[in-house]
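Only one structure is covered here, and it is reproduced in the block below.
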2 protein chains.
Amino acid sequence: MRPVCPPTAMKSEIACNQCPLRALPAFASVTPEQRDFIQGMKVRERSVPAQAPVLRQGDKRSELYTLLTGWAFRYQTLADGRRQILNFLLPGDFIGLQGNLLDVERTGVEALTDVTLCVFPGDALWPLFRAHPELGFDVTWLCAHEKLLVDDNLVSVGRRSALERVAMLLIHLFKRVRALGLADGDSVPFPLTQHHVADALGLSLVHTNRTLRRLHAMKMLHLERGRLTLGALASLQSLADYEARELEDRPLI
Amino acid sequence: MRPVCPPTAMKSEIACNQCPLRALPAFASVTPEQRDFIQGMKVRERSVPAQAPVLRQGDKRSELYTLLTGWAFRYQTLADGRRQILNFLLPGDFIGLQGNLLDVERTGVEALTDVTLCVFPGDALWPLFRAHPELGFDVTWLCAHEKLLVDDNLVSVGRRSALERVAMLLIHLFKRVRALGLADGDSVPFPLTQHHVADALGLSLVHTNRTLRRLHAMKMLHLERGRLTLGALASLQSLADYEARELEDRPLI
DNA sequence: TTACCGCAATATCAAATGACATATGCGGCG
DNA sequence: CGCCGCATATGTCATTTGATATTGCGGTAA
């Protein structure tokens, strides 16, 4: 639970030229003109508390978001309640493209922690492409990049053992969080419950627990009070046959 | 290895304004100007025989393709040979975006049948965005649409039983093929072996066979000599908790 | 023809994973 | 202070799925 901000701190809608994300080495720089255009599209910020929906399955031509702070995830549910988490969203990720481009939103997005979002109107996308093709290109990049995440997760769920899957998810998240400068040595914040891990990996809750315990017993990880510590990253990686390379220079809209 | 075409057969390169795909109701129309621009990007056609690679994992900034005829699939393999098919490609699908935009191609593409491709140079993408933002928008649409396919497959592999998975894949492919006007009543061509089905659904070959036999015994499908017949589409759909809606008006680059 | 090869089909057995029951610990809240 | 709800942990057993081996069939090449 994040501390409640006093009203004075509350009002700080961040201008794009002071966006703390842009300062990170992970993100590519933009020209002042591009930045101003993005700033002009931004209509407001939005806060969503943990566990609340950001987008619902079935939403039509919804707003577009860039995640500024906090964690979220994309998921889809079946009629009987089974849920599959498709990928996790971290600061800098772009949200709502599919529902905006195609007919309706087929996947829901839920906040995992308290979250703040940069809000763009649903009809901003085409003007952006027309006025700034470079930014349209960046949107495409972000889409292709998210597809990469889903591809990787599908390989995992389809072809890796439970042990390998869990290892691969933890490595993956660890590296993404670290790329955002949020790591403290070999430990990062980790707000997922075992339920989220299970739903992301196509495992039952019980088996996820067993597998986490097993990895813990193997001294490959330490998970406690919302922090994940990966001791032997290299051996985890060879266990999972997975090497995530976090990219520098990803675009940020 | 590209097959050497005899000079006579070789010459049937199709101009975009006579492309048989564009005539289909599934595809959106383009302005003559857009069509001419696409025609100008096209450098040649390429044929790939069944089972041969179209793109290899690791290719850098490869060419871009639009699939004109035949079937292909995107896949990823692990070090020990396990293979996961991510999605199947049918005429009109755009190939190579990820490897072109991101650093390298992380997924391979293999021809399932003999295939012909419309070839665009690897550096054509940015000029396309700049000269014709509408076409850039279409590329983004195609990317988001393919992500939808991978999302759906991930839900399947993660949360559906083997029976549901097989049912859902067959419905999905049936509808896509039908949307291309290739159906003959309730039957469509079906060039996949059980091996492909297994690799797409995260199942073993043997279990895939068992499951197909079971569906056959339930009189839900008929699979023979490269043709798939779905008798009771509605009951299959409720079995799989899956309803694919094939979109009209998808863009074609 | 004959041998071979890929694909499908099937049996048997083993392993991975899921389902259910239950216990423990911890924080919020009346 | 005690109760309740949620997340984690663990045992037992059932089920699904995987591994291995074998057979048959149809195409094809020597």
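Note on naming: letters A, B, ... go to the chains in the order of the sequence lines (proteins, then strands), and numbering restarts at 1 for each one.
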Using whole Å, what does the distance between atom [atom2] of nucleotide [N] and atom [atom1] of [X] come to?
| X | N | atom1 | atom2 | value |
| --- | --- | --- | --- | --- |
| B/Arg225 | C/dA8 | CZ | C1' | 14 Å |
| B/Arg160 | C/dT17 | CZ | P | 21 Å |
| A/Phe190 | D/dA7 | CZ | P | 14 Å |
| B/Gln51 | C/dC5 | CD | C1' | 13 Å |
| A/Leu112 | D/dA7 | CG | P | 11 Å |
| A/Glu224 | C/dC26 | CD | C1' | 13 Å |
| B/His207 | C/dT10 | NE2 | P | 15 Å |
| B/Arg159 | D/dT16 | CZ | C1' | 15 Å |

Given [options], the nucleotide with the shortest approach to the side chain of [X]:
| X | options | value |
| --- | --- | --- |
| B/Ser161 | C/dA9, D/dT17, C/dG18 | D/dT17 |
| B/Val206 | C/dG18, D/dT8, D/dT20 | D/dT20 |
| B/Thr193 | D/dT17, D/dA9, C/dC7 | C/dC7 |

> Taking it one step at a time, do B/Leu169 and B/Arg165 satisfy side chain to side chain contact (heavy atoms under 4.5 Å, CB included)?
Replying inline: CA-CA 6 Å; B/Leu169 177 64; B/Arg165 279 183 232 184; over 6 Å; no

> Which part of the nucleic acid, if any, lies within contact of A/Gly202, taking any heavy atom under 4.0 Å across all strands shown: a base, the sugar-phosphate backbone alone, or nothing?
Replying inline: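 Answer is sugar-phosphate: A/Gly202 comes under 4.0 Å of backbone atoms only.
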
>> At 4.0 Å (heavy atoms only), tell me whether A/Leu203 reaches a base, stays on the sugar-phosphate, or touches nothing.
In response: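 Answer is sugar-phosphate: A/Leu203 comes under 4.0 Å of backbone atoms only.
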
>> Return the CZ to CZ distance between B/Arg176 and B/Phe88, rounded to the nearest 0.5 Å.
In response: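 So the gap between those two atoms works out to 9.0 Å.
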
> Is the shortest distance from a Lys or Arg side-chain nitrogen in B/Asp151 or A/Arg74 to a carboxylate oxygen in the other one below 4.0 Å?
Replying inline: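 Here B/Asp151 pairs with A/Arg74 in a salt bridge, since their nearest N and O are under 4.0 Å apart.
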
> Would B/Asp152 and B/Arg160 pass as an ion pair if we require N to O under 4.0 Å?
Replying inline: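 No, no charged N to carboxylate O under 4.0 Å.
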
> Are B/Asn209 and C/dA9 close enough that a side-chain N or O sits under 4.0 Å from OP1 or OP2?
Replying inline: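 Answer is yes, contact under 4.0 Å.
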
> Should B/Gln194 be listed as having a side-chain N or O under 4.0 Å from OP1 or OP2 of C/dA9?
Replying inline: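 The answer is yes; a side-chain N or O of B/Gln194 sits under 4.0 Å from OP1 or OP2.
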
> Would a 4.5 Å heavy-atom cut-off, applied to side chains only, mark B/Leu97 and A/Lys147 as touching?
Replying inline: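 Heavy-atom side-chain distance check fails, nothing below 4.5 Å.
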
> Side-chain donor or acceptor of A/Arg210 under 3.5 Å from a matching atom on the base of C/dG18?
Replying inline: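 Under the 3.5 Å cut-off, the side chain and the base do form a donor-acceptor pair.
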
